[in-house]
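Small disclaimer: the values here were computed from a predicted structure and weren't measured. Just so we're on the same page: letters track the sequence lines, and every chain starts at 1.
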Amino acid sequence: MTVPILNASGCLDALTAAEVAQTLDVFVTKTVTPLPREGNPPPRIAETELGMLNSIGLQNPGIEAFLDDTLPRLARLGVPLWVSVGGFSVQDYAQLCTLLSGREEVTTIELNLSCPNVDEAPETAAEIVAAAREATPKTLYAKLSPATWDIAETARAVADAGADGLSLVNTIRGLALAPTTLEPTLERGAGGYSGPALRPIALACVYACATAVDLPIVGMGGVSSGRHAVALVAAGASAVALGTVLFAEPFAARRVRVEMTEAAVALGYPSAAALRGKAHKSATFANLSAL
Amino acid sequence: MQANEAIGAYTLLRIERGGLEPGSPGQFFMLEAPGRLLPRPMSLCLAPAGELAFLVDPIGPGTRALCALRSGDAIRVFGPLGNGFDLDVERPLLVAGGIGVAPMPYLAETLGRGSALLGFRSPRHAEAAVLLPGAEVVVEPRLVTELLPDDPGDVLACGPEPMLEAVRARAPHAQLAWEAPMACGYGACYGCVVEHEGRLQRLCVAGPVLRGGL
């Protein structure tokens, strides 16, 4: 058993970089919404000392064009596909899940419940998951925000509502000011903060959720090395996703995959998968199901 | 990393080519900026045998880190990326402002003909004109657009946005190389969008060379 490596949604376009997508065990699409979205006005990105901010605003062609045009082309890559969906109401998520249900190219639907750059649906994560669960028999992952007081509580709620797995974590809201004008660097003001600074935050979320629910977890947040990936697995993740590192190093998955095994072996385990959950007191930690 | 050469206010980074193709003029590479999270997009300036050379203006922490590289240092380079200039032109006229001169030497060399107009903000910056022998050069307060003839032919231009807008006003069919902050350079991040043909498009995929304007 291995630890699959995915991309974080919105951090790779497989249609402009097929060979990069093919280094992954799963390709996760950028979030699709019911209607096309042009996204936020530029500037949309800013580098900070310990990470980067983005404010893309869910730019996407909408579900109709996605199903007609994007999905068939993605299917030709030969990489298992997860589709990330986002909306502004429970009905939006249900509709997206219904439309994707009939498409065998799609193995899993990831519910983006936590985009920091758009106004979110007013309903709770659990309500959205419940509606999505009713709309589709496909595997459902809930992608949660780290910006919550008790993420384990949210994890329990979405598990009870029928989620099959968790994607942890999305970006966290941050702000950068231009040094000379002291005005926000990003046109829309705040953005989603990602990169190395997110690492301990993601680790804490995975650690908390792994004991709260018996669901597979895709861990992500600032992973750029095998050691980072191994830490998430030890905290309870069954898979890891790469985000910001893909911007600087498109083929990082190959390196991280090798390093992950090396790091596990150096610690005395036969593979990275074998150290899953080791951050927890082994007596209290339930074995996690595989991805 | 082969060497760093100061050229006026700029630095010419000469990097061992390794297995990378130089690509076509106007295309760009993502250069790892030591100590920074994100790489920096740089159009190819020159392609001497076995090397790729980039002209860098040290304006921020990333570009300053690049200009501080020394012979023997190693950085990650990814490219060539994006769409360069269409070289199927009758009467090429190269027009550049400031660091926009960067892609012009490789463009001139590839075309093998055509004249060039360059504008800089100071005599020290204007020293970069040495990379393009025979070019007409002006320094602020004079502007490069003052040198544009009434019938400019096929304009291929790179420079700051106001300059490109001014060029486009005089030469509506000009090929213009634009700039935008980029995190990835290969279509992954959606950070570098510009409004082109009425919609927001990723400059790294649709450009950086566009016909007409933003």
Side-chain angles (χ1 to χ4, degrees), chain A residues 7-21 30-31 36-61 117 178-180 185-187 191-192 194-197 222 224 242-252 255, chain B residues 18-20 27-42 59-66 74-83 161 178-208 214:
Chain A
N7 64 293
S9 172
C11 295
L12 183 63
D13 178 356
L15 297 183
T16 62
E19 68 285 12
V20 176
K30 191 165 166 55
T31 296
R37 284 176 59 86
E38 181 157 57
N40 294 334
R44 289 177 166 186
I45 53 168
E47 189 188 51
T48 70
E49 288 305 311
L50 297 169
M52 72 172 282
L53 294 163
N54 84 80
S55 172
I56 311 303
L58 300 185
Q59 179 172 353
N60 81 95
N117 294 318
T180 50
T185 309
L186 302 181
E187 180 63 23
S194 67
S224 66
L242 306 181
T244 304
V245 68
L246 294 174
F247 301 155
E249 188 188 349
F251 295 96
R255 178 178 57 77
Chain B
L20 296 176
Q27 284 191 294
F28 65 98
F29 292 76
M30 295 302 284
L31 272 55
E32 176 187 1
R36 307 301 302 178
L37 183 64
L38 299 173
R40 300 296 193 264
M42 298 288 160
I59 53 161
T63 45
R64 281 196 294 270
L66 283 167
I75 57 165
R76 183 180 298 119
V77 179
F78 184 57
L81 298 162
N83 299 304
E161 227 170 282
W178 300 86
E179 212 176 29
M182 288 179 185
C184 72
Y186 69 102
C189 75
Y190 281 75
C192 66
V193 291
V194 293
E195 190 169 338
H196 179 58
E197 293 167 341
R199 59 198 175 93
L200 292 177
Q201 301 190 42
R202 290 169 288 182
L203 187 66
C204 68
V205 176
L214 297 183

At a heavy-atom separation under 4.5 Å, does [X] approach chain B through its side chain, its backbone, both, or neither?
| X | answer |
| --- | --- |
| A:Pro179 | neither |
| A:Val245 | neither |
| A:Ser224 | neither |

**Report entry** Pairs flagged by salt bridge (Lys or Arg N to Asp or Glu O under 4.0 Å) wherever residues 46-56 of chain A is involved - sequence neighbours left out
**Finding:** A:Glu47-B:Arg36, A:Glu47-B:Arg40, A:Glu49-B:Arg36

Query raised in the report: So do the side chains of B:Pro34 and B:Ile75 get within less than 4.5 Å of each other, counting heavy atoms only?
Result: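 Answer yes - side chains close enough.
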
**Report entry** Gap between atom CZ of B:Phe29 and atom CG of B:Leu20 - 0.5 Å precision
**Finding:** 6.0 Å

Query raised in the report: Is there a donor-acceptor pair closer than 3.5 Å between any side-chain N or O of A:Glu187 and the backbone N or O of A:Asn40?
Result: no

Region of [X] in contact with chain A, defined by heavy-atom distances below 4.5 Å:
| X | value |
| --- | --- |
| B:Arg76 | side chain |
| B:Tyr186 | both |
| B:Val205 | side chain |

Report summary line: The side chain to side chain donor-acceptor pair (under 3.5 Å) partners of B:Tyr190 (sequence neighbours excluded) come to B:Arg202

